[in-house]
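A note on names: the letters A, B, ... follow the listed sequences, proteins ahead of strands, and every chain is numbered from 1. Treat the numbers as computed from the prediction; the structure is a model and nothing was measured.
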There are 2 protein chains.
Amino acid sequence: MSGEKKQGGRPVDAAAGRSLKLAALQLVRERGYAKVSIAAIASAAGVARQTLYNRWNTKADLVLDAVFEETGRFSTIPPADTGETCAAQLEAFLVEVFDHLAVDGDPLRALIAAAQEDTAFRTAFRERFVLPREQIVTDLLRRAQARGELGKTRDPEMLSAFVHGAFWYRLLNGQPVDAALARAITAEVFAR
Amino acid sequence: MSGEKKQGGRPVDAAAGRSLKLAALQLVRERGYAKVSIAAIASAAGVARQTLYNRWNTKADLVLDAVFEETGRFSTIPPADTGETCAAQLEAFLVEVFDHLAVDGDPLRALIAAAQEDTAFRTAFRERFVLPREQIVTDLLRRAQARGELGKTRDPEMLSAFVHGAFWYRLLNGQPVDAALARAITAEVFAR
DNA sequence: ACAGTTAATAGACTGCAGTCTATAAATCAA
DNA sequence: TTGATTTATAGACTGCAGTCTATTAACTGT
């Protein structure tokens, strides 16, 4: 697979890729995902349109790289298993995620939309973005169950879908996704 | 507001609207939302493209009418408050909704996506489709709480968001939305 | 130096969404 | 009947996504 080595030919211009991601990041943040055309990104990066298509299939693929992978944000790091309760850890994790959404909520909504119209992107988005974050919460809830913070009859995977589903539902419906929501979700998950 | 009466002019051709909705319904079901162009719908309905734009702003608005309002399906009717437990009523409601999704899941995903790219449609979609269905579940959970099937510390509104969120999350991630999910969701909501 | 190879570029081209204009058709009021 | 009004229609036009082609640039091995 990756054994394919190139033995000649013009080398890929790494700077072009970087310029494109940077331009995409800036333009999307300042104008909003929908109002940024592919031509505008290429132009801002000072690169031919086809060069962009050589690297990414769609605007969504580029923005996933530019906004959600490149910037190391949007917390992929599991919260440290400190002395705090798992409930507190869940709330802290959600607050962190929601803080990032205050900045990049628009592109995230756009990517979820794009994933509905493009099967290939849906798979990539799910594997690179959705699943890792789902796993963090599932693991946290399993720990809570092991510690006895969560009843033994509860299903951590279903609960994790509840948590992520609730915030997607809010986000996609244009309702606030903030610290109050983080608190309410956490309270409900651990309610008895 | 609605006092505006027309005192002359060519009357609206109601048949054109019906043809358009019918054509949209058929084409979307057989080809999938994304593969149906507005021109194709107008053409199939035997109507000028502008006539479609006279009635709906976007394909999404038309399909919302054609697929989710016209067909009286997708259960807007609250389940009768029979002798059954609220848990059983919730599961039955979800099974009914998910059955419809087996037929019209594709356009629903597409409409959720469209709502992310079009503020006006998001509002319309939310008011005409999302909120009524959310209300049904919220009411059902309140009844459950009144009956003692659900603990007094639980929050029916948050739980309703959990329920809808979980199934949106599954739907939007391309995972199965079936009777097994209806059962799992219900079990988790009423778990203690 | 030269042939082979791959990337970058400019530009043409198609298809669709959405807007706009001119014209024809259907109605009401006088 | 005439004029005003509104809808329906056909067609032109713009802007963007996505594809394709021809040309030029940068590198490797001989």
Between P of D:dA17 and CG of A:Leu52, the distance in whole Å: 10 Å
Phosphate contact (D:dC13 OP1 or OP2) by B:Arg49 side-chain N/O below 4.0 Å: no
Proximity to the side chain of A:Val47 - top-ranked nucleotide from D:dG18, C:dT9, C:dA26: C:dT9
Between C:dA7 (P) and A:Asp13 (CG): distance, integer Å: 12 Å
Flag side-chain contact, heavy atom, 4.5 Å: B:Ile185 against B:Phe162: no
Value in whole Å for how far the P atom of C:dA25 lies from CG of B:Asn54: 18 Å
Selected nucleotide, minimal atom distance to B:Ser37 side chain, candidates C:dA17, D:dA17, D:dT9: C:dA17
Candidates D:dA26, C:dT19, D:dT7 - which lies nearest the side chain of A:Pro11: D:dA26
Spacing of A:Leu62 atom CG relative to D:dA17 atom C1', expressed in whole Å: 14 Å
Length of the line joining B:Asp61:CG and C:dG18:C1', which is rounded to integer Å: 14 Å
A:His164 and A:Tyr169 aromatic centres sub-6.0 Å: no
Proximal nucleotide (of C:dT9, C:dA17, D:dT9) relative to the A:Thr51 side chain: C:dT9
Out of D:dT7, C:dA8, C:dA10, whichever nucleotide has its closest atom nearest the side chain of A:Gln50: C:dA10
Residue pair A:Thr58, A:Asp61: steps toward the side-chain hydrogen bond (donor to acceptor under 3.5 Å, both in side chains) verdict: CA-CA 5 Å; A:Thr58 65; A:Asp61 287 286; 2.7 Å; yes
Of the listed nucleotides D:dT9, C:dA26, C:dT19, the one nearest the side chain of B:Ala48: D:dT9
d(CH2, B:Trp56; P, D:dA8) in whole Å: 11 Å
Minimum-distance nucleotide (side-chain atoms of B:Arg10 versus C:dT27, D:dT6, D:dA26): D:dT6
A:Arg183 CZ: over 12 foreign heavy atoms closer than 6.0 Å: no
More than 12 heavy atoms from other groups under 6.0 Å of CD on A:Gln50: yes
Between D:dG18 (C1') and A:Glu117 (CD): distance, integer Å: 15 Å
For atom OH of B:Tyr53 and atom C1' of D:dT6, their distance in whole Å: 21 Å
